[in-house]
Structure formats: C-alpha cells, structure tokens
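Reading through the structure tokens given below for one structure.
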Amino acid sequence: MIILTQNSCLPAIPAEEMRLTMNIQTSSPRAIKVIGHRNPDTDSICAAITYSRLKNILDPEHPCKPCRAGLLNRETEFVLDYFKVPLPQLYTDVSPHIRDVDIRPAQGVDGETSLRRAWMTMRDQELDTLCIVDQDQNLQGVITVKDVATANMDGLDPHALEISKTSYRNLLDILDGTVLVGDVTGKTVEGRIVIGSGSAEQIEKSISPGDVVVVSNRAESLLAALEMDAGCIVVCASSRVSRTMQMLAEEKGCILISTELSTYVAGLMLSQAAPIRQYMTTGNLLTFTLHTPVEEATKVMASVRFRYFPVLDDDGKYIGVVSRRNMLNLHKKQLILVDHNEKSQAAEGIDQAEVLEIIDHHRIGAIETDGPVYFRNVPVGCTCTIVYQMYRENGVEIDPTTAGLLLSAILSDTLMFRSPTCTPVDERAARELAELAGVNLEQYADEMFSHGGDVSGKTAAEVFNGDYKIFTSGDVRFGVGQGSYMTEKNRKAAQALVGPYLPEARVKQGLDYIFYMFTDVRNSSTELLMAGSGAETLIKTAFDTEVVDGIATLPGVVSRKKQMIPRLISAIKSEQE
C-alpha cells in the first residue's frame with residue numbers, strides 16, 4: 001500500500017475522536033493557532049500560551065490554542081516545568097493538509113458484503129468507490145462502480161458463488177428470501193448455480209450434489225432437485241412448499257429458501273450475491289493520511305482516474321474519503337503570529353495560511369496577508385510585556401501560572417533588565433508579575449538562566465537552534481543565533497560545540513553569513529562567532545573592532561534585536577552601495 005505522508009512532526013488527533021467526529025470541519029469550531037517563530041525562545045512560547053488564554057477568555061466562540069514551530073531550548077523547558085504548563089503542540093508546517101479539507105465520512109463496508117448491496121450503497125450515497133475494512137477499521141481494499149459492473153458482466157460462471165465462498169446470508173439478502181428449512185448460519189455455497197426449468201429428467205441430469213437450484217412452483221422439479229442432493233433449493237414466486245417436501249429437504253440436509261422473485265429474476269440476481277472481497281483492489285492502494293499535504297494529494301489525484309481516495313488517521317485506521325471536489329473547499333489554517341512578523345522566521349507554509357493577528361516587538365519585516373489584520377507592534381523588550389498590557393487593558397485577572405510565564409519571558413528577553421531593549425515598562429511589568437507569581441525575581445532569574453546555559457548532553461545542532469533567526473537585507477540572507485549564559489563555563493562549552501558547526505549550518509541553509517552571539521549576562525558582553533566569506537570584514541565595519549581567531553569581543557552588546565541586527569544591516573547596505 002502506498003501511503004502519502006509528510007515527514008514532519010504534527011500534532012496527532014486521537015483515532016477514536018476522529019472516527020466519532022469524521023467531518024471535523026463542520027462538527028466544531030476550528031482552533032486558531034497562536035504560534036511563534038522557528039527555533040522558539042522563551043518569549044515566543046510563553047507569548048503563545050498566555051495570549052491564547054487571553055483570547056479564549058475574551059472570545060470563547062473562536063477558540064485558540066498555543067503552538068510552537070520548533071523544539072524548545074533548555075531555558076524554556078525549565079520554565080514550563082517550573083510552572084507545570086503542558087508543552088504546546090508542534091507545527092513545523094502550516095500549509096494545508098488533508099485534515100484541512102472536508103473529509104467525507106463514507107462508512108467502510110465488510111468484505112462479505114454482496115455485489116448488489118455494494119452497488120445499492122454506492123447508488124444511495126452517490127459514491128463510485130467503497131472502502132472495505134475489517135472490524136478494527138483497517139483498510140482491506142477498495143471497490144469501484146466499474147469493478148461491480150465488470151463482475152456483473154462477467155458473472156456467467158455457474159461456479160462464481162462456489163469459488164468466492166459466498167455466504168447464504170448474502171443469498172437471503174439479495175433475494176429477500178425466507179428460510180423454510182435448514183440453518184444458514186456460517187454456511188457458504190459449495191456448488192454451482194442451476195436453473196431448474198426443464199423436465200424432471202433434465203433437471204436430474206444437470207444437478208450435482210451441493211448445487212444451488214432455482215425452481216418454480218412445480219413439485220416434480222423440487223423433488224428432482226432433492227433426489228439429486230442439491231445443497232440449496234430456491235423456490236420462486238412465493239410458491240407453496242408442502243410439508244412432505246419440507247420434511248424430505250430436512251432429511252437430505254438441503255437448505256430450502258422461498259422468495260417472491262420469479263425464476264428469471266432470481267437466476268439473474270444470484271451471481272450478485274458474491275462477496276466484494278472477491279473483486280476488490282488490494283494492491284498499490286493510493287491512500288492519504290491526515291498529514292498529507294494538499295498540494296501533494298492534488299498532484300496524485302491528477303495523475304490517476306480514480307474519483308475518491310481513502311483517508312487514514314494517525315493510527316492507520318480508515319476514516320473517510322476525499323475527492324478533487326473536496327480540495328476546492330479548503331480550510332486554511334488560521335494563525336496568530338507572536339514574537340515575529342518576518343516570513344523567513346515563520347513556520348513553513350505561511351504563504352498558504354491565513355494570518356489573523358500579529359503581536360510583536362521587532363522590526364517590521366515582510367509578511368504579506370490576504371486582508372487587513374490586527375497588528376500590534378510595540379517597541380518594548382519583550383512580546384509578553386505587550387500581552388501583559390492587553391490583560392490589564394481588558395481587565396482580565398492574571399493567575400499565578402500566567403504571571404510566571406509572562407515574567408519568565410520578560411526576564412529572558414531583557415536579560416534581567418540588562419539589555420538595551422529593556423524599557424521601564426518591561427521592568428515594572430516584571431516586578432508586578434513576580435509578586436503575582438509568588439517568586440523571588442532575582443533568585444528565579446538566576447535559576448532560569450543557569451538551566452538555559454547548560455549544554456551538557458546536547459549536540460552542536462541542538463545548541464545552535466536554541467535561539468536562532470534568519471534575516472534578509474536586499475539580496476543578502478544571514479542568520480543570527482544567541483545564547484545567554486550566567487557562567488563562563490557554560491558559555492565556553494557552548495562555543496566549543498557551536499563554533500565548528502557554523503560553516504556546515506551556513507551551507508545547509510544557503511546563507512551568505514551566520515553569526516552567533518555568546519552573551520555573558522552578568523558582565524553584559526558578547527563573544528561573536530561567524531562563518532561566511534567576508535563575515536569578519538562585515539563585523540569590523542559594523543562594530544569597528546578586530547576579529548581574533550574567528551571571535552569578535554563586543555563589550556556592552558547583549559541585544560540581537562537592538563544592537564546586532566541594525567548594525568549588520570547597515571554594514572551590508574554600505575557594502576552594496
């Protein structure tokens with residue numbers, strides 16, 4: 001079976017929940033995702049959590065849920081663990097997936113279903129494809145109208161029911177028959193289909209033991225079939241069967257079925273009792289998962305002639321079908337962006353999502369929206385300071401856990417008020433939040449930074465991605481990462497890991513330059529490492545300093561947003577002039 005999926009980590013919907021709701025788009029409001037930038041820092045995560053809570057209080061009819069666009073660093077892990085807050089769901093790609101279209105909840109059918117019953121289901125539900133499943137909703141195969149038609153046109157083989165091990169339950173179903181003699185439970189057809197329309201002598205010559213014989217109301221035809229040990233006799237036109245004949249059938253172990261259908265119609269319909277498992281397609285099934293990108297699914301649909309495609313949930317269970325028509329009714333993911341407003345920092349697929357709001361404190365970048373959005377950009381040291389202001393403006397109580405998250409973000413982004421990006425507004429908010437959270441601000445900050453600076457057991461890539469962003473200036477793309485450390489031991493250990501990795505990371509990401517800030521929080525200084533042809537010259541121009549052994553020492557430089565990025569962009573523009 002070919003399963004088209006996306007190798008990205010996405011939140012899983014429990015299988016039972018999905019099977020119950022099926023068409024999830026119409027059964028409940030779709031949650032708006034509040035999400036920060038890639039390689040999220042503490043501000044990005046805490047802003048997503050606390051702003052989601054505020055939105056849910058103010059507008060419960062449009063539920064929001066906090067999300068993240070990357071893995072957490074140790075500082076943020078410490079914060080969430082300290083205040084016992086669940087990890088936000090991970091969305092590395094916000095482009096539309098199959099879960100974002102209206103999945104048609106076409107019920108799976110049993111493989112023992114007769115061809116006729118399958119056709120009736122297709123007709124009534126206006127489907128040309130049925131999905132065959134087992135009792136656990138595992139997909140067994142598919143059958144189309146074309147398969148049913150082919151089976152009927154080829155249904156001239158009198159051994160068809162015998163070959164397919166057709167159950168007598170199927171015979172009763174399509175004939176709308178009544179069992180006069182015998183028990184059909186668990187029994188299958190073990191002979192040919194024979195129409196007993198001639199003389200008794202002709203019938204005797206054509207019947208073998210175990211055959212299914214269709215007869216009219218002629219007693220001699222019925223008797224001849226019994227004498228030849230027929231396995232089943234179908235008596236048509238609701239003909240009366242004498243008690244004597246029924247007793248003889250019972251002695252012979254012959255199943256006796258009565259139907260209102262004529263001999264002609266019953267004979268035609270018997271071949272339609274065959275189970276669909278005999279004709280279903282089982283190999284090379286084209287199925288989609290909830291995580292299959294819509295773009296990928298659309299390409300597959302255009303390359304084959306099928307109309308409907310099975311959809312499997314996160315446990316591989318069948319939940320419904322999608323068609324090309326479903327793709328037209330696409331539900332874009334609705335997003336609120338926090339702590340960023342540049343496309344290069346957003347989750348993959350941002351162009352295919354609907355941005356509703358942006359809450360940020362950085363420079364205004366280049367994210368285009370389809371329509372007007374609520375954009376709140378305030379020159380403070382932390383996004384969570386803005387969120388704190390919005391709580392106060394709306395008169396919403398800040399509980400101790402929310403206060404702790406907001407406080408942690410402000411301390412992280414302002415380096416406990418040492419960063420030049422820190423404003424009096426940030427510090428006042430942090431001190432009030434510390435009281436609400438019930439923590440000692442200085443002691444908590446030391447503990448938080450200490451955990452964040454610990455790189456033991458981490459790979460170079462993990463440390464590198466702890467707090468890393470990509471920026472653009474003209475045709476130049478560059479990345480700037482930052483780690484903040486309370487001890488020289490942790491800072492030097494991080495440098496030893498990340499330094500050799502920078503050239504590799506630059507090539508992988510197709511960047512002109514990469515810079516990484518190793519910031520000494522206590523002494524308010526940064527040691528800057530770099531990679532890329534001309535990177536050292538650029539730093540000399542930007543900071544009027546020398547680069548020694550690939551490291552530039554920058555006293556007083558602790559802010560990426562206010563001190564590093566503006567100078568780098570200015571130096572890049574100077575080189576381009």
Side-chain angles (χ1 to χ4, degrees), residues 11 29-70 72 75-76 79-80 83-91 94 333-342 345-347 350 353-362 364-365 367 369 372-414 423 425-426 429-430 432-433 436-437 467 561:
R30 298 171 61 82
I32 298 167
K33 296 165 182 57
V34 183
I35 190 167
H37 51 76
R38 305 180 197 181
N39 305 312
D41 58 7
T42 300
D43 186 25
S44 177
I45 295 297
C46 291
I49 297 171
T50 55
Y51 193 57
S52 292
R53 175 180 179 269
L54 178 62
K55 293 290 290 184
N56 287 332
I57 292 173
L58 297 177
D59 188 8
E61 292 185 0
H62 297 89
C64 292
K65 70 174 181 179
C67 302
R68 56 193 172 99
L72 301 188
E75 178 186 279
T76 311
V79 170
L80 297 186
F83 292 103
K84 296 179 172 55
V85 177
L87 192 68
Q89 290 186 326
L90 177 65
Y91 276 86
V94 293
K333 291 184 174 69
Q334 294 184 315
L335 307 179
I336 295 176
L337 307 185
V338 294
D339 199 32
H340 72 299
N341 70 88
E342 297 194 45
Q345 298 172 16
I350 189 69
E354 181 183 2
V355 177
L356 304 179
E357 297 182 29
I358 301 175
I359 312 296
D360 193 20
H361 68 126
H362 295 94
I364 296 177
I367 282 186
T369 61
V373 302
Y374 178 79
F375 193 156
R376 182 157 177 165
N377 189 283
V378 184
V380 291
C382 179
T383 306
C384 278
T385 299
I386 306 172
V387 177
Y388 163 80
Q389 292 175 332
M390 298 175 79
Y391 269 83
R392 289 304 187 212
E393 291 165 4
N394 287 280
V396 176
E397 180 184 355
I398 301 177
D399 61 79
T401 298
T402 300
L405 296 177
L406 293 170
L407 168 66
S408 301
I410 296 172
L411 292 174
S412 177
D413 258 24
T414 67
T423 68
V425 175
D426 296 297
E432 180 181 335
L433 289 165
L436 294 174
D467 183 4
K561 178 182 71 174

Heavy-atom closest contact (Ala403 atom, Leu436 atom, distance): CB-CB, 3.6 Å

Kindly indicate whether the side chain of Ile35, heavy atoms from C-beta on, has any atom under 4.5 Å from the side chain of Leu337. yes

Check whether Asn56 reaches the backbone of Pro63 with its side chain - one donor and one acceptor, N or O, closer than 3.5 Å. no

Pairing residues for Gln334 by the side chain to side chain contact (heavy atoms under 4.5 Å, CB included) criterion, not counting sequence neighbours: Ile32, Glu354, Leu356

Do His37 and His362 have side chains that get closer than 4.5 Å, going by heavy atoms? no

Heavy-atom closest pair (Arg376 atom, Ile386 atom, distance to 0.1 Å) is NE-CG2, 3.6 Å

Pro66 to Ala48 - nearest heavy-atom pair and separation: CB-O, 3.5 Å

Just checking, is any N or O donor in the side chain of Asp339 or Ser44 under 3.5 Å from an acceptor N or O on the other one? no

Gly365 backbone acceptor or donor facing Asn341 side chain under 3.5 Å: yes

Under the side-chain contact (heavy atoms from CB on, under 4.5 Å) test against Ile398, which residue among Val396, Thr401, Thr402 passes? Thr402

What distance do Cys67 atom SG and Gln89 atom CD have between them, rounded to the nearest 0.5 Å? 6.0 Å

Taking the side chain as every heavy atom from C-beta outward, state whether Met390 and Glu393 have any atom pair closer than 4.5 Å. yes

How many angstroms lie between NE2 in His340 and CG in Asp41, if you round to the nearest 0.5 Å? 11.5 Å

What are the two closest heavy atoms between Gly381 and Asp426, and how far apart are they? N-OD2, 2.8 Å

Atom CG in Leu54, atom OG1 in Thr50: separation rounded to 0.5 Å? 8.0 Å

Using the side-chain contact (heavy atoms from CB on, under 4.5 Å) rule, pick out the option among Ile410, Thr42, Leu406 that qualifies with Cys382. Ile410

Which atoms form the tightest heavy-atom contact between Ser412 and Glu75, and what is the distance? OG-OE2, 2.5 Å

I need the Gln345 CD to Ile367 CD1 distance, nearest 0.5 Å. 8.5 Å

Looking only at heavy atoms, what is the nearest atom pair of His361 and Asp43, with distance? NE2-OD2, 3.6 Å

Only counting residues at least two apart or in another chain, list the ones meeting ring pair (Phe, Tyr, Trp, His ring centres under 6.0 Å) with Tyr391. none

Flag the pair Leu405 / Leu80 as yes when at least one side-chain heavy-atom distance between them is below 4.5 Å, and no otherwise. yes

How about Glu397: does its CD atom have over 12 heavy atoms from other parts shown lying under 6.0 Å from it? no

Rounded to the nearest 0.5 Å, what's the gap from OG1 on Thr76 to CZ on Arg68? Could you check? 10.5 Å

Nearest 0.5 Å, what's the OG1-CG distance between Thr369 and Leu335? 12.0 Å

